[in-house]
2 protein chains.
Amino acid sequence: MSNKEALEHYDHKQFRTPDGYTSDIAVFTILSTKIGEFKPPHMTLMLMLIKRAQLNAEGQPNIEASKWALPGGFVQPDESAYEAAKRELEEETSVNSIHIKHFGVYDKPGRDPRGWIISNAHYAIVPEHELSKRKANDDAADVRLFSVDEVLQLDLAFDHREIIEAAIAVIKHDLLQTPVAKSFLQDHFTYSELQAVLKTVTNDPAITSDQAFSRKIKTLPFIEEVSGQKTQRTSKTPTQLYRFADEMNIVRPIYSARY
Amino acid sequence: MSNKEALEHYDHKQFRTPDGYTSDIAVFTILSTKIGEFKPPHMTLMLMLIKRAQLNAEGQPNIEASKWALPGGFVQPDESAYEAAKRELEEETSVNSIHIKHFGVYDKPGRDPRGWIISNAHYAIVPEHELSKRKANDDAADVRLFSVDEVLQLDLAFDHREIIEAAIAVIKHDLLQTPVAKSFLQDHFTYSELQAVLKTVTNDPAITSDQAFSRKIKTLPFIEEVSGQKTQRTSKTPTQLYRFADEMNIVRPIYSARY
DNA sequence: TGAATAGTGTCTATTAGACATTATCCC
DNA sequence: GGGATAATGTCTAATAGACACTATTCA
């Protein structure tokens with residue numbers, strides 16, 4: 001019996017369907033506060049939010065107006081939620097092909113006053129300099145970066161507080177458990193630049209101690225020295241440059257790790 | 001301006017909406033092959049699939065008939081996809097309140113011939129003895145367990161091959177990186193029982209070596225000895241019983257781990 | 001020369017990993 | 001005693017973590 005035959009008998013109306021299918025994106029960047037010449041940077045993990053306009057594109061009163069929210073929008077029928085997130089991020093910031101990852105589905109009944117609306121939550125990592133091109137679109141009155149510490153004190157739209165809390169937890173986890181820190185850095189970086197990225201999410205002494213970390217980085221299997229390449233952008237002493245090796249799976253079971 | 005006012009102007013019809021919203025569940029269990037009295041078990045990681053019936057509940061030809069598929073079904077408007085997965089799992093196996101986790105969204109256009117249908121993928125862990133109650137429901141001609149090695153050789157419905165590959169990767173990862181092995185074991189277990197679970201997904205010598213593992217288990221911060229409790233179910237020599245400590249976050253950064 | 005970051009020398013306590021040995025129990 | 005699993009003794013090589021020290025450069 002063929003699928004074709006079966007399809008003739010199929011009726012979509014037999015189940016209620018959602019009223020909307022959207023993708024939201026938590027766009028993270030790291031603000032590099034230059035402390036001075038010949039100094040390693042101080043870094044702060046930031047999240048980009050938009051302020052919802054009073055009126056929508058059609059000039060009608062907007063839902064959750066004047067609250068801060070994650071950028072996002074409706075998924076088109078010819079794309080996946082992941083592709084929609086990529087598209088929307090590019091529309092919003094003119095950035096494409098950067099790190100973007102799905103991390104959750106938000107579909108609790110009542111989460112959106114407009115009806116049964118499902119949101120796919122993604123987080124993206126955009127290097128600071130790429131974000132300069134950001135712009136407010138029709139629905140947004142403002143676009144701004146907030147540190148992950150202050151962002152939860154805002155008046156947030158829909159269930160975005162919950163989504164943002166999860167996004168922050170996920171990126172903190174991923175920064176320490178995967179080589180995703182790569183996305184915040186240039187291709188070649190010094191030990192202190194990588195250290196600065198990690199210090200935005202941990203105070204593990206193995207990472208915060210300069211000597212320990214500068215030694216450790218040489219032995220990590222997913223990082224390699226760029227032989228002979230040094231820079232002076234973080235110190236007067238020329239500093240060794242490193243890069244991430246191509247995709248590596250790091251899986252040390254918790255049952256054999258050291259504690 | 002209130003949300004109430006804004007809602008009066010809102011029109012659902014302005015965006016196309018999905019034709020269906022479903023939850024699928026990869027139900028894993030571990031088959032404990034008893035080798036004999038006073039021996040630790042040999043374990044195999046199994047996945048439960050259903051065989052789609054020729055005819056659906058209404059007596060009409062079924063889509064993807066006679067192929068093997070993940071159990072699942074449509075999400076109701078008054079529940080989340082996660083709740084739907086829990087409900088469906090209970091309908092299918094009479095098991096409730098076990099480990100269940102969302103791990104992905106499958107929404108590529110064309111993945112289901114019936115239209116724009118979004119599936120939330122979950123994996124669940126069900127102890128072997130609970131699965132005995134499993135039954136085929138209306139849409140299923142058969143229910144069966146397959147080892148994760150043989151399951152990919154089956155003729156699988158929709159895009160379930162892709163979903164199952166991801167599910168297997170996720171559970172292998174989680175077994176080694178989180179204390180989820182707990183869900184496969186009784187409250188109290190011996191080192192060799194835990195070891196048998198882990199051996200279904202790794203051949204790391206730190207785990208496969210009896211002496212090494214029986215020593216290591218004593219030092220793991222998320223496992224504690226049940227003082228004075230021993231069992232003889234795995235050997236003639238009484239063996240120490242252990243249990244998982246209450247929820248613990250295990251985060252050893254890859255940047256400080258030992259390699 | 002002073003100040004600052006990068007990087008090394010060296011010591012200690014811990015431990016992973018390996019191998020040998022002992023313990024316990026049932027038959 | 002034989003056989004099997006559990007658990008400990010012991011040695012070695014590796015290394016995390018800490019502290020002191022040296023190297024490099026610019027002002």
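Naming: A, B, ... by sequence-line order, numbering from 1 per chain. Scope of the values below: all heavy atoms of this structure, side chains included, with no hydrogens, waters or symmetry mates.
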Exercise. Can you check the B:Ile217 CD1 to D:dA6 C1' distance for me, whole Å?
Worked result: 12 Å

Problem set entry | Atom-pair distance (CD on B:Gln240; P on D:dA6), nearest Å | 12 Å

For this session: Report yes if a side-chain nitrogen or oxygen of B:Ser192 is closer than 4.0 Å to either non-bridging phosphate oxygen (OP1 or OP2) of D:dA6; otherwise report no.
Result: yes

Seminar exercise, completed: Comparing A:Thr190 with B:Ala212, nearest DNA chain C nucleotide closer to 5' gives the residue A:Thr190

For this session: Taking only Lys NZ, Arg NE, NH1 and NH2, and the carboxylate oxygens of Asp or Glu, determine whether B:Lys182 and B:Asp187 approach each other closer than 4.0 Å.
Result: no

Exercise. Between B:Lys86 and B:Glu90, is there a side-chain N and carboxylate O pair less than 4.0 Å apart?
Worked result: no

Exercise. What is the distance, rounded to the nearest whole Å, between atom CD of A:Glu37 and atom C1' of D:dT25?
Worked result: 13 Å

Exercise. B:Pro40 has a side chain; which of D:dC26, D:dA6, D:dG17 sits nearest to it?
Worked result: D:dA6

Problem set entry | Under 4.0 angstrom between A:Thr219 side-chain N/O and D:dT15 OP1 or OP2 | no

Exercise. Mapping B:Tyr242 and B:Ser256 to their closest nucleotides on DNA chain D, which lands nearer the 5' end?
Worked result: B:Tyr242

Seminar exercise, completed: Counted 5' to 3', the first and last nucleotides of DNA chain C within 4.0 Å (strictly under) of a heavy-atom of chain A are C:dA4 to C:dA16

Exercise. Separation of B:Leu241 atom CG from D:dA7 atom C1', in whole Å?
Worked result: 15 Å

Problem set entry | Nearest to side-chain heavy atoms of B:Thr234, which nucleotide of D:dC19, D:dT24, D:dA6 | D:dA6

For this session: Give a yes or no on whether a salt bridge exists between A:Glu37 and A:Lys236, defined as a side-chain N under 4.0 angstrom from a carboxylate O.
Result: no

Exercise. Please give, in whole Å, the distance from D:dA14 P to A:Arg215 CZ?
Worked result: 16 Å

For this session: Can you tell me the distance, in whole Å, between the NZ atom of A:Lys218 and the P atom of D:dA16?
Result: 14 Å

Exercise. Which pair of heavy atoms, one from B:Phe28 and one from B:Tyr123, lies closest together, and at what distance?
Worked result: CE1-CB, 4.0 Å

Exercise. Picking from D:dT5, D:dA7, D:dA20, which would you name as closest to the side chain of B:Ser235?
Worked result: D:dT5

Exercise. What is the distance, rounded to the nearest whole Å, between atom CZ of A:Arg252 and atom P of D:dA16?
Worked result: 12 Å

For this session: Decide yes or no on side chain to side chain donor-acceptor pair (under 3.5 Å) for A:Lys218 and A:Tyr242, but give the supporting numbers first.
Result: CA-CA 9 Å; A:Lys218 292 192 210 322; A:Tyr242 297 89; 3.3 Å; yes

Exercise. Counting only side-chain N and O atoms of A:Lys236, is one of them less than 4.0 Å from OP1 or OP2 of D:dA27?
Worked result: no

Problem set entry | Atom-pair distance (CD on B:Gln232; C1' on D:dA6), nearest Å | 12 Å

For this session: Answer yes or no: does atom NE2 of B:His42 have more than 12 heavy-atom neighbours from other residues, nucleotides or ligands under 6.0 Å?
Result: no

Exercise. Any donor and acceptor pair, going by atom type alone, linking the side chain of B:Glu162 with main-chain N or O of B:Asp159 inside 3.5 Å?
Worked result: no

